[in-house]
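Lettering follows sequence order; numbering is per chain, from 1. Here the structure is a predicted model, which is why all the values come from computation and not from measurement.
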2 protein chains.
Amino acid sequence: MLPGQPKWRRRKDARPGEIVAAALEVFAEKGFAAARLDDIAARAGVSKGALYLYFETKQDLFEAVVRDAISPNIAAVEAAAQAMDLPFAQVSRTLLVRAADMMSTSAIGPVAKMVIAESRNFPDLARVWHDAVVIRVLAVITGLIERAQARGEIRPGDPRFHALALIGPLLMGVLWREVLVPVGAEPLDLTALARQHIETALTGLLIEGAR
Amino acid sequence: MLPGQPKWRRRKDARPGEIVAAALEVFAEKGFAAARLDDIAARAGVSKGALYLYFETKQDLFEAVVRDAISPNIAAVEAAAQAMDLPFAQVSRTLLVRAADMMSTSAIGPVAKMVIAESRNFPDLARVWHDAVVIRVLAVITGLIERAQARGEIRPGDPRFHALALIGPLLMGVLWREVLVPVGAEPLDLTALARQHIETALTGLLIEGAR
DNA sequence: ACTAAATAACTGACCAGTCAGTTATCAATG
DNA sequence: CATTGATAACTGACTGGTCAGTTATTTAGT
């Protein structure tokens, strides 16, 4: 150990971000219960005690992770829906492909898995997810659908069901990647799935008058 | 304690089933890691030690639960697909509604959630699920789709994608019920979702020549 | 009497959260 | 331009509780 090299540095501003990033990794790998604070601390290059200088409890840290992983992306979705005045077919095409891209690149997949996994033992988390993500995304999509229905562009029917039918396959794809591929399932091109899905969703599986 | 009443009875045959049933409850409530063997034993009316007379480890018990919850239902799906020679529209209608019904009544929902939750820490489980459920269900559906495509009934396109698009919304609905409703989200009629979904999936969202 | 089912007390490992002590940093002082 | 305090960031060993898995012992059944 060189004498001039300090064992550690005081970096009050940088710590929280680094800790949250490390926590995201570990939580995504292990889930909430199995994640060890010692691991998170080690990856953040910090001692366990330091975590408690910035976060009150493990769950507090978990919630910070969820919020951080969410907020940048949710804004992007709402902004993308500003292209609302185009015909529904076009809006939905760009929206779905963009969503697929987001789910491929961002941490949303692992975080979603995490929320599903821990929802029973940590309902607060599921509530955060519901209020901050699900409600808002669903509101954007049902809004688009209702307006398109009013314009006579798309069929009647519960807009909420339509919305779930639109994003359901993407969620399916994400879970396929997160859960099954690591275990040996065939990989999946999420964007290709999104492209094919939106086309058939718009025009239907059936060819012409096949009842 | 009455002297004539034995404290317990030897019931070698009945125990495993009772233990698995109790384990299903507790695992579904808490997830794998948070489930305590003492709880499971108590619900099965047995001591913790007795569990180890019938199952080697906690994970062993978990796998037994998954297998038990799965096998009856998977057979039903494959049997239902014996109605294969009807037009695709009809087969898919009955199949999807039946699947929705199954997901509402059986333990598949909670078990699926469980598998998703614990897949990283217990990959063996995800593998069991993949091999015993996903592969088989997907094979049935892609088979139907390929034949319908060959007959010119439905559009070309990757049958696997079509299949995922068909069941994705159901999975979405199940997770909605399992994760979000307990936390305050609006309830969801899974069968109604399935009905509306299959109709629009077949004929498309767009009304006539709206591009 | 004997066997095997079942119990209940026990062990050992693990880990979230705590806290007394250590050390970097910086402002004040000479 | 040192030197000295004062402060707050940070450490790491420790604690208390939990729980999977084990085992010595008790009890049912034949």
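A:Arg9 has a side-chain polar atom (N or O) that falls below the 4.0 Å cut-off from OP1 or OP2 of C:dT25. A close approach under 4.0 Å does not occur between any side-chain nitrogen or oxygen of B:Arg11 and OP1 or OP2 of D:dA28.
When rounded to the nearest whole Å, the span between NZ of B:Lys30 and P of D:dA20 equals 12 Å. Atom CH2 of A:Trp8 is separated from atom C1' of C:dT23 by 5 Å (rounded to the nearest Å). The NZ-P distance, from A:Lys7 to C:dT22, rounds to 10 Å in whole Å. Rounded to an integer number of Å, the gap from B:Ile19 CD1 to C:dA5 P is 12 Å. Rounded to an integer number of Å, the gap from A:Tyr52 OH to D:dT11 P is 15 Å. Straight-line distance from the CG atom of A:Leu61 to the P atom of C:dG17: 10 Å, rounded to whole Å. Atom CG in B:Leu37 sits about 16 Å away from atom P in D:dT18, given to the nearest Å. B:Phe32 has its CZ atom 8 Å from the P atom of D:dA20, to the nearest Å.
Between B:Glu29 and B:Arg43 there is a salt bridge, since a side-chain N of the basic residue sits under 4.0 Å from a carboxylate O of the acidic one.
One cannot find a donor-acceptor pair under 3.5 Å joining the base of D:dG21 and the side-chain atoms of B:Lys58. A:Lys48 contributes no side-chain N or O that forms a donor-acceptor pair with the base of D:dG12 under 3.5 Å. Between the base of C:dA4 and the side chain of B:Lys12 there is no donor-acceptor pair shorter than 3.5 Å.
Cation-pi contact between A:Arg15 and A:Trp8: absent, since separation from the ring centre below 6.0 Å together with deviation from the ring axis within 45° is not met. Figure legend: cation-pi geometry between B:Arg160 and A:Trp176, with NZ or CZ positioned under 6.0 Å from the six-membered ring centre and within 45° of its axis.
In this structure, B:Phe55 reaches neither bases nor backbone, as no heavy-atom distance under 4.0 Å exists between it and the strands shown. At the heavy-atom level, A:Leu53 lies under 4.0 Å from base atoms of the strands shown. Residue A:Ala35 is classed as a sugar-phosphate contact, given heavy-atom separations below 4.0 Å to backbone atoms only. When heavy atoms are screened at a 4.0 angstrom cut-off, A:Arg10 is found touching base atoms of the nucleic acid. Residue-level contact check: A:Ala14 touches neither bases nor backbone, having no heavy atom under 4.0 Å from any strand.
Rounded to the nearest 0.5 Å, atoms CD (B:Glu199) and OG (B:Ser92) are 8.0 Å apart. We find the CD-CE distance between A:Glu178 and A:Met103 to be 11.0 Å, quoted to the nearest 0.5 Å.
Distance from the side chain of A:Thr57 is smallest for C:dG17 among the nucleotides C:dT7, C:dG17, C:dA5. Distance from the side chain of A:Tyr54 is smallest to D:dC10 among C:dT25, D:dC10, C:dA8.
Judged by closest nucleotide on DNA chain D, A:Leu51 is the one of B:Arg36 and A:Leu51 placed further toward the 5' end. Of the residues near DNA chain C, A:Asp38 and A:Gly49, the one whose nearest nucleotide (by heavy atom distance) lies more toward the 5' end is A:Asp38.
Surrounding CZ of A:Arg195 are at most 12 heavy atoms belonging to other residues, nucleotides or ligands under 6.0 Å away.
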